[in-house]
Amino acid sequence: MSDVHHSVFDSVHSDHVLTNEHSVAFTLKTRCRKCSLLTEQLPVGVSPEVHVTLGTERSEPDRLRQNSGLTVYLRDSRPNMADEATRRAVSQIPMLKTHAGPRDRALWPQRLKEEYQALIRFVEQNKAADNDWFRLESNADGTRWTGTCWFVHELLRYEFRLEFDIPVTYPDTAPEVAVPELDGKTAKMYRGGRICLTDHFAPLWARNAPRFGLAHLMALGLGPWLAVEVPDLIGKGLVVHKERPREAAE
Amino acid sequence: MATVEELKLRVRELENELIKCKQKQCAMEDAHSQALNRPKIDKMSAEVVDSNPYSRLMALKRMGIVDDYEKIRTFTVAVVGVGGVGSVTAEMLTRCGIGKLLLFDYDKVELANMNRLFFQPHQAGLSKVEAAEHTLRNINPDVSFETHNYNITTMENFTHFMDRISQGGLEEGKPVDLVLSCVDNFEARMAINTACNELGQIWMESGVSENAVSGHIQLIIPGETACFACAPPLVVAANIDEKTLKREGVCAASLPTTMGVVAGLLVQNVLKYLLKFGTVSYYLGYNAMQDFFPSMAMKANPQCNDRYCRRQQEEYKKKEAERPKVEVVEEEEEVVHEDNEWGIELVSEVTDAELQAASGTVPDLPEGITVAYTIPAEEPTSGDTVEETEQSLEDLMAQMRKL
């Protein structure tokens, strides 16, 4: 067996599934240093018996140590910021093709068209799935975006204004989405109501640049943020439902 | 009975009122202190008398540390981000007698900033650049100041920002000597990187981690050393057990100590670079938990995403080829690289999606420095892309509005 791979490993991976609240089933895999392949073969001396404790916080990786001194991280697979539903929704958003930011006079209009195409597709999909939750529109040159997003909690609809500028470094960096009316109400926010995204969002965006667009930003950035923060703010009484005339948008 | 919320609101109102009163009082004190300000000094003197603000700095010459300290007055430095690190950086440079400072920041002073150095409670509500200029001018009237209260990452501001970097030197029309990034977010760093790559402007990046216990400084010479886009963001490993790091209910922590240390490291490197003494660091990390200072140099990435970085690399190569063959610099850089097994933990942090992404290469980094994330070498090919469309942008905008 050790001939197949080179018996030299520089990392251990685990494939795991959560079987119920408290137990995890997984297989450990090691990456062969020479051929880089993942194999279920473990380095000599590493016991496959490992002890797992699930983290208590969502999205926080859980770590387990082994006698060999190798370290394995297990990510808590309970629903988190990028849960199954989100992943499915994202997989249906078309990827963008044009790598151009607002400073690229020649190609930006094409990129902007693709942004709108992807956004329209995403909103239509949301509607079809009875999960319509935001509207966005831009100024003529597509550098400033405004819109609304809404969140239904206990059958009541809470609506918020949202806004952001396209940074000059877009699409290499994501825009900073702001929900100004929630400014000062939650610590998960920077000045001016810019939402604080998780540690996972920046790598996710960087890995998928320039193919991710604004629709992805909504689905993976703002959507999960609202899902976590709004119920919490309502619970704390910081967001109170106000009857509003239903907008044509709905 | 008033609710807690109402009371909180009232406290806020009163705080704001207090700020206004203090500002008024401050303005009056200013008028008073104007009278106390020392006059400008034309020439730095080395004379050791109580009244000479430059005597201890000029002593560096007598001790043989710096050849020509007065030269500091000919330099212009742009400080982008006047927060915990930037304000202290600006103060240090002001006290050192720098020629001109350009300050960029769009933010206002808040009471929440008071755990850091430099700003004072009575300045709350003022723009950071305005408040900073005021304090700094009082400290050293010999320094020229130029302040810009805007966000550099938006289109129109960015153009202006680039213009000031390339034209805002001590002598108008000349570029600044150095740009210092003291910002707190990735977008702004990338914007500075973009500007400096396009202009061929040498700059230094600085940063403090969101958990406040590590930081770094980095010298970026476009085309020569790795730019900010050449590799995923580098982080100083804090060796903190992930389990004990709670993120519930907070976005960022900060300490005046870490910020002060990083500002100190940054300005030290600036002085060494500008006044040509000691060894200038290319990358210096600070791990506050173990008091560990990893350092290294990293070459520009020929596959960097930024095309201006690639262009600068071409030019650097040409220049190097033309230079007589005394390639000491290159050797030095290679010596700094050490074999290491870092990146292991990063690679093994696994979800299915990340497992694939984890195959991205981790640059060869010394112990204690790692990357925030890796990027796969090949672009993922799965997933639909947007289709070709006959519709114009206006059609699409209208369609979006109608939804």
Side-chain angles (χ1 to χ4, degrees), chain A residues 10-15 31 36 55 57 60-63 71-75 77 87 91 94-97 102-103 109 112-114 116-121 123-124 127 135-138 143 165-169 172-174 176 187-191 196 202-203 206-208 211 237-238 249, chain B residues 5 107-108 110 151-155 158 185-187 190-191 193-194 229 232 241-243 245-252 305-306 341 344-345 347-355 357-360 372-376 379-380 383-387 389 391-393 396-397 399-401 403:
Chain A
D10 63 2
S11 66
V12 177
H13 292 279
S14 67
D15 285 331
R31 185 182 291 283
S36 292
E57 288 187 41
E60 189 172 306
D62 206 57
R63 182 152 90 162
T71 305
V72 179
Y73 282 100
L74 283 183
R75 192 179 292 289
S77 58
R87 279 182 200 181
S91 70
M95 296 282 195
L96 279 63
K97 288 186 285 202
R103 296 180 68 225
L112 203 51
K113 269 174 74 169
E114 293 178 14
Y116 269 103
Q117 281 177 272
L119 280 165
I120 290 166
R121 260 275 280 287
V123 171
E124 280 169 350
K127 281 181 155 187
R135 284 295 179 281
L136 265 184
E137 60 181 300
S138 71
T143 54
D165 289 301
I166 299 290
V168 286
T169 44
D172 294 323
T173 63
E176 297 180 281
K188 294 283 179 79
M189 217 167 218
Y190 297 111
R191 301 163 296 259
C196 167
R207 283 174 187 145
N208 289 284
R211 295 151 51 85
L238 291 167
Chain B
E5 288 322 308
D107 217 355
K108 285 188 162 64
E110 286 173 8
N151 177 356
I152 62 159
T153 70
T154 64
M155 279 290 286
F158 185 74
N185 65 84
F186 183 67
E187 295 73 24
M190 284 293 272
N193 190 59
T194 302
D241 192 331
E242 293 277 339
K243 247 187 234 166
L245 186 67
K246 300 279 180 216
R247 284 193 166 270
E248 201 64 29
V250 285
C251 257
N305 256 336
D306 189 322
E341 284 158 70
I344 291 174
E345 296 193 357
V347 173
S348 59
E349 189 181 312
V350 177
T351 65
D352 285 344
E354 281 174 6
L355 188 63
S359 51
Y373 46 83
T374 59
I375 293 176
E379 283 189 16
D384 297 349
T385 51
V386 284
E387 293 147 17
T389 177
Q391 288 173 291
S392 71
L393 181 56
L396 289 165
M397 284 180 168
Q399 192 186 340
M400 181 78 194
R401 237 171 277 137
L403 278 171

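Sequence lines set the chain letters: A, B, ... in the order given, protein chains first and strands last, and positions in each chain run from 1. The basis for the numbers below is simple: all heavy atoms, side chains too, and nothing from hydrogens, waters or symmetry mates.
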Please report the interatomic distance [atom1]([X]) to [atom2]([Y]), rounded to the nearest 0.5 Å.
{"X": "B:Asn185", "Y": "A:Thr173", "atom1": "CG", "atom2": "OG1", "result": "9.0 Å"}
{"X": "B:Leu393", "Y": "A:Leu112", "atom1": "CG", "atom2": "CG", "result": "4.5 Å"}
{"X": "A:Thr169", "Y": "B:Asn305", "atom1": "OG1", "atom2": "CG", "result": "12.0 Å"}

Beyond-backbone contact of [X] with [Y], side-chain heavy atoms, under 4.5 angstrom:
{"X": "A:Tyr116", "Y": "B:Gln391", "answer": "no"}
{"X": "B:Met400", "Y": "A:Val123", "answer": "yes"}
{"X": "A:Val168", "Y": "B:Met190", "answer": "no"}
{"X": "B:Leu396", "Y": "A:Ile120", "answer": "yes"}

Name the option with the most non-hydrogen atom pairs under 4.5 Å to chain B; the candidates are A:Arg103, A:Glu137, A:Glu114, A:Glu124.
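Most pairs with chain B among the choices: A:Arg103.
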If you count heavy-atom pairs within less than 4.5 Å of chain B, which of A:Ile166, A:Thr143, A:Leu136 leads?
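So the answer, after comparing A:Ile166, A:Thr143, A:Leu136, is A:Leu136.
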Checking B:Glu5 against chain A: side chain, backbone, both or neither under 4.5 Å from a heavy atom?
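It is the side chain, since no backbone atom gets that close.
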Heavy-atom donor-acceptor pair, A:Arg135 side chain to B:Leu403 backbone, under 3.5 Å
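Yes, A:Arg135 side chain to B:Leu403 backbone: donor-acceptor pair under 3.5 Å.
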Any side-chain to backbone donor/acceptor pair from A:Gln117 onto B:Glu387? Under 3.5 Å, distance only.
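A pair under 3.5 Å: yes.
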Within a radius of less than 6.0 Å around NZ of B:Lys108, do more than 12 heavy atoms belonging to other residues, nucleotides or ligands occur?
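Not buried by this count: 12 neighbours or fewer within 6.0 Å.
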Smallest separation among heavy atoms of A:Leu96 and B:Val386, with atom names
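Reported closest heavy-atom pair: CA-CG2, 4.3 Å.
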Heavy atoms only: give me the nearest B:Met155-A:Pro102 pair and the separation to one decimal.
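Scanning both residues completely, I find the closest heavy atoms to be CE-O, 3.4 Å.
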Pairing residues for A:Arg191 by the side chain to side chain donor-acceptor pair (under 3.5 Å) criterion, not counting sequence neighbours:
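So A:Arg191 forms a side chain to side chain donor-acceptor pair (under 3.5 Å) with B:Asp107, B:Asp184.
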Let's test your reading of the structure: which of B:Asp306, B:Thr154, B:Thr389, B:Thr194 forms the most heavy-atom pairs below 4.5 Å with chain A?
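Of the options given, most contacts go to B:Thr389.
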